[in-house]
Amino acid sequence: MLRMSTLFLRTLRDDPADAEVPSHRLLVRAGYIRRIAAGIYSWLPLGVITLRNVERIIREEMDTAGFQEVHFPALLPREPYEATNRWEEYGPSLFRLQDRKGGDYLLGPTHEEMFTLMVKGEYSSYKDLPLVIYQIQNKFRDEARPRSGIIRGREFVMKDSYSFDLTDEGLDISYQRHRDAYISTFDRLHLKYNIVKAVSGAMGGSKSEEFLAPCDTGEDTYVLCPKCGFAANVEAMVTKVAAADASKVPALEELDTPNTPTIDSLVAVLNEKFGGGYTGASTLKNVMLMADNKAISVLVPGDREVDLKRLQAGLPGVEELRTFEEADFAKFPNLVKGYIGPQDAEKSGITVYADPRVAPGTSWVTGSNKKNRHARNVVNGRDFTPFAYVEAAEIREGDACPECTTAVVIDRAIEIGHIFQLGRKYADALGLTVLDQNGKSQVVTMGSYGIGVSRAVAAIAEQSYDEIGLSWPLEIAPAKVHIVATGKEDLPFDTALDIGNKLEAAGISVMLDDRRDPSAGVKFKDAELIGIPIIMVVGKSLADGKVELRNRKTGEKSEVALAEAVNSVTALIASLS
RNA sequence: CGGGGCGUAGCGUAGUGGCUAGCGCGCCUGCUUUGGGAGCAGGAGACCGGGAGUUCGAAUCUCCCCGCCCCGACCA
């Protein structure tokens with residue numbers, strides 16, 4: 001039983017000045033966590049219990065799924081990360097340090113290498129596969145900008161699992177098993193979430209999905225279809241535009257368009273010239289970019305910006321992508337800034353990519369590569385041909401769902417889980433092979449699956465607080481019942497302790513506010529701030545042989561006979577679970 | 001890393017050159033109080049982020065450094 005008279009806890013009356021998002025503000029105020037440095041937090045008793053509850057649920061679900069727990073050190077030698085090139089690739093986000101002999105070490109940001117090597121050390125036959133192992137452990141990433149309390153920290157708790165299979169089909173099965181396990185895990189954590197298609201990014205591999213918990217303070221933006229449920233990371237959103245019939249479009253016509261280097265100015269001139277009907281969407285924007293120091297042009301409708309993250313996701317292998325600077329324009333004198341068109345880009349040695357919105361057969365107004373000249377009726381496939389199509393334009397609310405064409409909504413969320421098929425990248429780099437049925441050596445294929453454990457605590461808080469404090473789901477809260485004893489006599493305190501003991505004997509965890517000094521009001525405020533789902537008040541109504549039960553979330557109150565206190569709590573718990 | 005804001009007691013803050021750095025919360029002692037962050041009285045707690053400088057005098061002005069928060073870039 002947690003007894004507040006001795007519990008190591010101090011709640012704060014004022015919001016901490018350095019906390020803005022609700023989870024951070026309330027977890028600090030209610031005495032769960034304290035900041036140590038940017039993105040680094042200590043956990044006080046209430047916080048530790050809550051974090052352990054989340055861990056326990058995750059661990060139970062992983063074990064139920066048949067995954068086996070292992071544990072690695074956080075302090076790791078350089079060599080394995082050298083083998084996969086990540087000692088370099090991870091850049092400044094990696095915490096590096098040296099031992100007394102000058103040897104290089106790191107604090108693990110993620111453990112693909114270690115897991116791969118562990119399996120390599122133990123297994124060498126296809127008969128041992130499939131295998132799934134996991135750990136719950138602290139990760140270290142020197143984030144450029146830690147933020148939002150424990151939502152994005154530099155040290156955080158993560159559950160990471162890895163699957164090992166001989167075949168791609170096996171990997172699909174392992175992936176699906178993990179997906180199922182995550183669904184039951186997040187359901188038990190009482191998190192609202194969407195499973196969202198993601199791009200695999202730098203980790204390589206084919207299939208990838210994120211579990212996103214919607215909340216206003218989330219840092220991930222994703223697209224959701226309200227009709228068919230399609231959900232995708234902005235990077236993974238695809239655009240479907242059918243090819244147009246351009247057979248009736250008149251021939252390309254060059255126009256005098258002085259002083260129209262911007263889309264807005266061009267549209268104004270067009271409407272003046274041709275009596276209206278033109279919008280930014282009628283024009284074709286040629287955005288010049290440097291992709292690993294190679295000049296490319298990307299075509300998007302004039303009313304849309306290029307989303308560099310989306311574009312980069314669609315250009316595998318490209319590491320540095322940036323827009324043209326003055327110096328770059330100087331290298332391509334054929335490019336007339338403000339009047340660029342795709343018609344003779346090839347002559348300039350520029351590779352042209354088009355967003356799918358610039359579909360074959362569509363007709364556009366665009367630059368004609370001459371100062372103060374544009375062209376209309378410029379048809380894709382007739383007057384220019386893109387080298388390739390790539391998702392480049394920004395996504396907007398109202399864009400068509402790729403599955404059912406319904407207008408999508410854009411929402412914010414916290415990424416609480418990520419599952420993806422790694423493939424053979426790490427096994428290849430570290431030489432993880434097994435012998436197959438024919439005695440032939442085969443590289444193992446892997447999957448990687450992560451849950452942000454400490455982040456999940458924040459995400460749950462973000463989804464369940466109100467204006468007076470936290471409000472945890474039953475299984476997450478530091479206790480199931482918070483008994484508040486009030487008054488100055490011994491009776492309510494003795495009675496409260498007695499009920500507490502009975503509840504604990506019945507397997508129901510209890511926090512007891514047995515402080516004698518604070519007034520009832522202080523205790524009520526603290527109880528509401530701390531957020532245990534059931535609050536029992538033992539005080540005034542004791543004179544009538546009753547205690548009061550309150551539902552923290554709904555605010556409902558009821559009085560029950562003292563003799564029925566334990567049964568009533570049991571019933572209330574049953575109704576809450 | 002770019003832009004913005006900030007740093008005074010455990011927490012929230014006042015104090016733009018001049019007396020012993022002020023207030024609220026919290027903490028300690030006593031008395032009164034005890035169902036919605038009680039009252040009175042007394043008390044402890046601050047090298048004002050650090051360093052250098054300007055000045056008769058610096059929390060306050062200048063420079064450098066450090067740290068924190070927010071927006072953006074970044075984020076397996």
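Chain identifiers are assigned alphabetically (A, B, ...) following the order of the sequence lines, protein sequences preceding nucleic acid strands; residue numbering begins at 1 within each chain.
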Distance between P atoms of B/rA58 and B/rG50 (Å, rounded)
15 Å
For A/Glu112 and A/Thr110, which I'm curious about, is there any donor-acceptor pair between the side chains at under 3.5 Å?
yes
What's the closest nucleotide to the A/Glu143 side chain, out of B/rC75, B/rC69, B/rA38?
B/rC75
Which of these nucleotides, B/rC69, B/rG37, B/rG12, is closest to any side-chain atom of A/Asp14?
B/rG12
Name of the residue among A/Leu106, A/Leu75, A/Leu107 meeting side-chain contact (heavy atoms from CB on, under 4.5 Å) with A/Phe95:
A/Leu107
Of the candidates B/rC74, B/rC68, B/rC69, the side chain of A/Ala144 sits closest to B/rC74
Starting at CZ of A/Arg154 and ending at P of B/rG67, how long is that distance when rounded to a whole Å?
9 Å
Remember a base hit wins even if backbone is also touched, and classify A/Gly539 as base, sugar-phosphate or nothing at under 4.0 Å, heavy atoms.
base
Atom CD1 of A/Ile151 and atom P of B/rC75: how far apart are they, to the nearest Å?
19 Å
Which of the following nucleotides, B/rG37, B/rA73, B/rU13, is nearest to the side chain of A/Arg145?
B/rA73
Between P on B/rC75 and CZ on A/Phe420, what's the gap in Å once rounded to a whole number?
13 Å
Mind checking A/Glu528 for me? I need base, sugar-phosphate or nothing, with any heavy atom below 4.0 Å counting as a touch.
base
Will you find, in the side chains of A/Arg86 and A/Tyr426, an N or O donor that is under 3.5 Å from an N or O acceptor?
yes
Could you tell me how far apart A/Leu12 (CG) and B/rG24 (C1') are, to the nearest whole angstrom?
14 Å
Write down the distance between NZ (A/Lys309) and P (B/rC74), rounded to a whole number of angstrom.
6 Å
Within 45 degrees of the ring normal and closer than 6.0 Å to the centroid, is that where the cationic atom of A/Arg34 sits relative to A/Trp43?
no
Where are the stems of RNA chain B, defined as at least 3 consecutive Watson-Crick or wobble G-U pairs with both distances under 3.5 Å?
B:1-7 with B:66-72, B:10-13 with B:22-25, B:27-32 with B:38-43, B:49-53 with B:61-65
Can you find a donor-acceptor N/O pair under 3.5 angstrom joining the side chain of A/Thr486 to the base of B/rG35?
yes
What is the nucleic acid contact for A/Ala37, judged by heavy atoms within less than 4.0 Å: base, sugar-phosphate only, or nothing?
sugar-phosphate
To the nearest angstrom, the NZ-P distance between A/Lys488 and B/rG35 comes to 9 Å
Quote, to the nearest angstrom, the C1' distance that separates B/rC23 from B/rA9.
12 Å
Under 4.0 Å, counting only non-hydrogen atoms across every strand here, what does A/Ser148 touch: a base, just sugar-phosphate, or nothing?
sugar-phosphate
Does A/Lys192 have more than 12 heavy atoms from other residues, nucleotides or ligands lying within 6.0 Å of its NZ?
no
For atom C1', what is the distance between B/rA14 and B/rG24, given to the nearest Å?
11 Å
Just by distance, do the side chain of A/Arg412 and the backbone of A/Gly218 share a donor-acceptor pair under 3.5 Å?
yes
Is A/Gln135 reaching over with its side chain to a backbone N or O of A/Phe72, donor-acceptor style, under 3.5 angstrom?
yes
Tell me the interatomic distance from A/Arg35, atom CZ, to B/rC70, atom P, rounded to whole angstroms.
10 Å
Look at the side chain of A/Arg550 and the base of B/rG36, then say whether one donor and one acceptor between them are separated by less than 3.5 Å.
yes
Classify A/Val484 by what it touches in the nucleic acid, base, sugar-phosphate, or nothing, heavy-atom distance under 4.0 Å.
nothing
With rounding to whole Å, what would you report as the distance between B/rG5 and B/rU33 at their C1' atoms?
44 Å
Between the side-chain atoms of A/Arg147 and the base atoms of B/rC70, is any donor-acceptor pair under 3.5 Å?
no
Rounded distance (Å) that lies between atom C1' of B/rC68 and atom NE2 of A/His24
11 Å
Keeping the roles fixed (side chain from A/Glu235, backbone from A/Ala313), state whether a donor-acceptor pair exists under 3.5 Å.
no
What's A/Pro92 touching, base or sugar-phosphate or nothing? Going by heavy atoms closer than 4.0 Å.
nothing
Does the base of B/rG12 carry an N or O that pairs as donor and acceptor with the side chain of A/Asp15 under 3.5 Å?
no
Starting the side chain at C-beta, find the nucleotide from B/rG37, B/rG35, B/rC75 nearest to A/Glu548.
B/rG35
Looking at A/Phe493, I'd like to know if the NZ or CZ of A/Arg516 sits under 6.0 Å from its six-membered ring centre while staying within 45 degrees of the ring's axis.
yes
Pick the C1' atom in B/rA46 and in B/rC11, then give their distance to the nearest Å.
14 Å
